[in-house]
Amino acid sequence: MITPAFELTQDPDFLTIIIKVPYARASEFDVYFEGEDFKFYAKPYFLRQLTLPGRIVEDGREKASYNTDKGTFTIRLPKEIPGQYFEGLDMLTSLLAPKKSRSAKPLVEEIGMTKKSSASELSEEEEEEFDWEIEQTPYKESAESTLPVQYHYGFGNLRSGVFQRLQDELSDVIDIKDPDQTPVDERRRKRLAAEAAKFDPDHYLADFFEDEAVQHVLKYKPWWVEAYKKMMALQGEGHQERDTQAFVVFSEEEREQMRKFTNKSYLLDKRSRHHVYLGLIDILLAYCYEICVNEGDKNVESSWNVRKLSATLCWLESFTGIHDVLVSFGRRVLCYPLHRHFGLVTRAFSDTVMILQLGKAAVLKCLLDIHKIFGENDPAYILNDLFVTDYCIWIQKTKSKKLAALSESLQKTVLAKSDLGFELEELEAAAVLVQEEEAAGTGSARQLPSSESETSDSEESSSASSSETAGSDSDERESSASEDGKRNSSHDSLQEERTAPLTDYNGLRQGTNTSTSEVTGEKSEFSLQSTSVPGKLIEELGKQMHTAIRLSEQPEGLAAASCVLQEQEE
């Protein structure tokens, strides 16, 4: 038989059950209802038993219809007490439980316990004020045993020995090694040491000063923000709190997830219940961070973000107080993900408060999303078996007042940067001081180029004046040289005759300036060649070479004047 998809709605007088049975034989179906029980059969679908949160009656007002296009049966049943509100109609897994299994009795019971005392203890458990701080007990050294001690973990610390069988698969999921042989206190010490070693001050300060990406994702509004606004608006108008469940709508995929869960009860003592509630806060904080930084989109890092930021999932941590949960989450946000900003810690904190205030329907919707994220990731799916599936079933049976009390306690808890143990305020103050010093240095450096430019301007003006003076001196020298050249024009012919043997000997058939430059460039070669010339020509060539070198090193006018003076001396 196939369990059909179904959903329940209500109005003040009627309970409506919509059952989807495509391709069923609509002409043959059976419906049974009495008190809190409801059954439905239409081959091949069989809804074995729904245990309703309120009583219904058969008084002639009941009605059933079938939509052939959609393949759905719609059954309207009158309430026994008109106006009664049936709570938890969207908790489909809990509705599928048989009536006899709704209250779990202890497997071990004291013989002398009377029914009266048992009932009084159950009522005290329901009505007691829930203290969210677990009483600390001093550590006692246990006697050595031949058998290794098995430590527990998972939802309500109900599991043990899992990692011995699946160590290879779980090494990439959790950070603690050999959790079956590691007590809770040692897990905590190792976790704190790993976080201290992982914290990077440079990464933190980079996100602290350059926070454009962080400020962008902080503007994202997930679905629970709008639902919370509507809830607060209705409460301001005087509507009852139970009406707020209408703002949390489950998709068909989420309903199918709930129908696939196997309903069961959990035997949890007071200490285990504390661990479960505090672990729920830790998981929701990590989920809220993931939704915020990715703006509601899922990617390959989504599974890693949720499990890495939750010490409950990653280190199998069992917290003792709400403040410990916040400190652990804050430390892990500043150590592991891409965006390490304290603003993301406070944002996840406020989002978790809103989800808890919206009630168990909102919490269940988030848990179903986490269950889907882990289910699509290998090997993170194992965390569903250890934690998330049990949370999805357990939350449907949780009292709303418990979540309200938890939300109120969480809202009153204060988390400061100094609580995280990384000296964040000192780091920020030192970084701001360095920035101010660098800014002051940049300002003085900006003033320095202006003074240098003024100095260079004065130097340019002085060089310009000196160049003008030098220009006038050179003009005077040129004019005097030209006059000397005119007076000694008679010696030009003699100069040409004396340079002619030099040019002819070296084969330089060029002008005087060209031959002069080439002689200066090849001085050593010329000297070696001229040593082979006999007689007086050596002296002649030496004098001519000396004259040519001086001509190449001096300005044209001065060279001509010095050459004339040299000839006159000779």
Side-chain angles (χ1 to χ4, degrees), residues 191-222 225 285-286 288-295 297 299 301 304-305 308-309 311 323-353 411-468:
R191 173 178 64 83
L192 294 175
E195 292 167 356
K198 183 64 177 177
F199 178 70
D200 185 0
D202 294 336
H203 194 144
Y204 172 75
L205 291 176
D207 285 353
F208 177 75
F209 287 106
E210 300 175 3
D211 61 346
E212 293 83 2
V214 174
Q215 297 301 326
H216 173 75
V217 299
L218 286 176
K219 296 177 182 178
Y220 174 71
K221 306 290 185 185
V225 174
L285 286 169
C288 290
Y289 175 94
E290 152 64 21
I291 294 298
C292 179
V293 296
N294 289 320
E295 299 179 84
D297 296 329
N299 55 42
E301 295 296 328
W304 186 91
N305 280 337
K308 199 70 175 180
L309 298 182
H323 190 263
D324 295 338
V325 177
L326 297 180
V327 170
S328 171
F329 172 72
R331 287 171 60 90
R332 301 188 71 78
V333 167
L334 301 186
C335 289
Y336 293 101
L338 176 62
H339 299 298
R340 305 178 186 180
H341 197 279
F342 192 76
L344 294 171
V345 178
T346 57
R347 170 61 186 271
F349 173 76
S350 61
D351 283 353
T352 302
V353 171
Q411 195 169 13
K412 292 179 180 178
T413 307
V414 178
L415 179 67
K417 291 182 178 180
S418 58
D419 298 331
L420 304 184
F422 293 141
E423 298 181 350
L424 302 179
E425 296 172 341
E426 291 80 359
L427 279 174
E428 295 170 6
V432 170
L433 183 60
V434 171
Q435 268 196 340
E436 292 175 353
E437 291 178 353
E438 290 180 352
T442 305
S444 61
R446 289 177 180 174
Q447 295 177 358
L448 183 59
S450 62
S451 60
E452 291 178 351
S453 62
E454 293 175 359
T455 306
S456 62
D457 293 340
S458 62
E459 291 177 353
E460 288 177 359
S461 61
S462 61
S463 63
S465 61
S466 61
S467 63
E468 292 176 359

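Count residues from 1 along the sequence.
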Would you sort out whether Val293 and Leu338 count as a side chain to side chain contact (heavy atoms under 4.5 Å, CB included), showing the intermediate values? CA-CA 9 Å; Val293 296; Leu338 176 62; over 6 Å; no
So, are Lys417 and Glu425 salt-bridged, with charged N and O less than 4.0 Å apart? no
CG of Leu415 to CZ of Phe329, rounded to nearest 0.5 Å, is 10.0 Å
*asked:* Could you tell me if Asn305 and Glu301 have a donor-acceptor pair between their side chains, going purely by distance under 3.5 Å?
replied: no
Contacts of Glu426 meeting side chain to side chain donor-acceptor pair (under 3.5 Å) (sequence neighbours excluded), chain-then-number -> none
dist Phe422:CZ -> Leu427:CG (nearest 0.5 Å) comes out at 10.5 Å
*Name the orientation class of the two ring planes belonging to His341 and Phe208 (parallel below 30°, tilted from 30 to 60°, perpendicular beyond 60°).*
parallel
Review point. Should Leu285 and Leu326 count as side-chain neighbours, where that means a heavy-atom distance under 4.5 Å?
Key: yes
To the nearest 0.5 Å, atom CD of Glu295 lies from atom CG of Leu218 at 10.0 Å
OH (Tyr289) and NZ (Lys308) are apart, to the nearest 0.5 Å, by 13.5 Å
Whether the side chain of Asp207 engages the backbone of Arg340 through a donor-acceptor N/O pair (distance < 3.5 Å, no angle test) should be reported. yes
Using a 3.5 Å distance criterion without hydrogens, assess whether the side chain of His339 forms a donor-acceptor pair with backbone atoms of Leu334. no
task = Would you check if the side chain of Ser328 reaches a backbone N or O of Asp324 as a donor-acceptor pair within less than 3.5 Å?
result = no
Using the ring of each side chain (for Trp, its six-membered ring), is Tyr204 parallel, tilted or perpendicular to Phe199, with breaks at 30° and 60°? tilted
Exercise for review: Under the side chain to side chain contact (heavy atoms under 4.5 Å, CB included) rule, what do Val214 and Leu344 come out as? Steps first, then yes or no, please.
Suggested key: CA-CA 8 Å; Val214 174; Leu344 294 171; 4.1 Å; yes
